[in-house]
Amino acid sequence: MAKEFSRTRRIAQQLQQELAMVLQRDMKDPRIGFVTVNDVDVSRDLSYAKVYVTFFEEDTELVQQKIDALTVAAPYVRTLVAGRMKLRVMPELRFIYDSSLVEGMRMSNLVTQVINKDKAKQQQFSPDVSDNSESVDGEKEQD
């Protein structure tokens, strides 16, 4: 019978939790700011880990600066996380910007704008409903 989660997936989940804690509490680099760890993908031999992060920044230059700062700090972060996890081999960390959350928020805003425009057009072109409104009893109101 197959296991529900593979060892690499369990390690990835634990690594994600530990990375989030380290990046929020132990990192003092002002260039990084607030960072969210979305996912971690660990290689089968546990030598590499792709860490998908989000910054809630839309400026691509600023995002690239933050990724560069994380890349420079990766050995330090790896050392901090290795002290918290009991692994024989601590994966090398590679930080990758995950724009899916920002894109999802952008798409949601676009859908909301379209819905609001549609409601405005519907109210603009619909006949005046106050003349034909019915009361709670089902009878037409008379002026």
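This one's a predicted model, so the numbers in the text were calculated from it and none came from an experiment.
Leu15 and Leu87 fall within a single hydrophobic cluster, where Ile, Leu, Val, Met, Phe, Trp and Tyr side chains are chained together by heavy-atom contacts under 4.5 Å. Taking hydrophobic clusters as Ile, Leu, Val, Met, Phe, Trp and Tyr residues chained together by side-chain heavy-atom distances below 4.5 Å, Tyr52 does not share a cluster with Met105. Note on Met85: it clusters hydrophobically with Val51, by side-chain heavy-atom contacts below 4.5 Å among ILVMFWY residues. Linking Ile, Leu, Val, Met, Phe, Trp and Tyr residues whenever their side-chain heavy atoms come within less than 4.5 Å leaves Ile96 and Leu46 in two separate clusters.
Every residue two or more places apart in sequence or in another chain was checked for a side chain to side chain donor-acceptor pair (under 3.5 Å) with Asp41, and none qualifies. Checked against salt bridge (charged side-chain N to carboxylate O under 4.0 Å, His left out), Asp39 has the following partners two or more places apart in sequence or in another chain: Arg9. Listed by chain and number, the residues in a salt bridge (charged side-chain N to carboxylate O under 4.0 Å, His left out) with Glu103 are Arg106 (sequence neighbours excluded).
Atom CG of Leu23 and atom CG of Leu70 lie 6.0 Å apart (nearest 0.5 Å). The CE atom of Met107 lies 12.5 Å from the OG atom of Ser100; values are rounded to the nearest 0.5 Å.
Of the candidates Met27, Lys66, Gln65, Met27 is the only one forming a side chain to side chain contact (heavy atoms under 4.5 Å, CB included) with Ile32.
Lys50 contributes no side-chain N or O that, together with a main-chain N or O of Arg94, makes up a donor-acceptor pair within less than 3.5 Å.
Counting all heavy atoms, side chain and backbone alike, Gln16 lies closest to Val37 at NE2-O, 3.2 Å. Residue Phe95 comes nearest to Ile67 through the heavy atom pair O-CG2, 4.1 Å, listed as atom of the first residue, atom of the second, then distance.
Listed by first and then second residue, the salt bridge (charged side-chain N to carboxylate O under 4.0 Å, His left out) pairs that reach into residues 15-25 are Glu18-Arg84, sequence neighbours excluded. Screening residues 108-120 for salt bridge (charged side-chain N to carboxylate O under 4.0 Å, His left out), with sequence neighbours left out, gives no hits.
By the 4.5 Å heavy-atom criterion applied to side chains, Phe55 and Tyr97 are counted as neighbours.
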Handout entry: Step-by-step side chain to side chain donor-acceptor pair (under 3.5 Å) determination, Asp98 to Thr54
Key = CA-CA 6 Å; Asp98 184 12; Thr54 302; 4.7 Å; no
Handout entry: Pair Asn109-Gln113, side chain to side chain donor-acceptor pair (under 3.5 Å): steps then yes or no
Key = CA-CA 6 Å; Asn109 288 338; Gln113 288 175 0; over 6 Å; no
Practice task
Could you give me the CA-CA distance, side-chain angles and deciding distance for Val72 and Asp68, then say whether side-chain contact (heavy atoms from CB on, under 4.5 Å) is met?
Solution key: CA-CA 6 Å; Val72 169; Asp68 292 342; 5.6 Å; no
Please list every donor-acceptor pair under 3.5 Å in which a side-chain atom of residues 73-81 meets a protein atom from a residue at least two apart or in another chain.
{"unit_1": "Arg78", "atom_1": "NE", "unit_2": "Met90", "atom_2": "O", "d": "3.2"}
{"unit_1": "Arg78", "atom_1": "NE", "unit_2": "Pro91", "atom_2": "O", "d": "3.3"}
{"unit_1": "Arg78", "atom_1": "NH2", "unit_2": "Met90", "atom_2": "O", "d": "2.5"}
{"unit_1": "Thr79", "atom_1": "OG1", "unit_2": "Pro75", "atom_2": "O", "d": "2.9"}

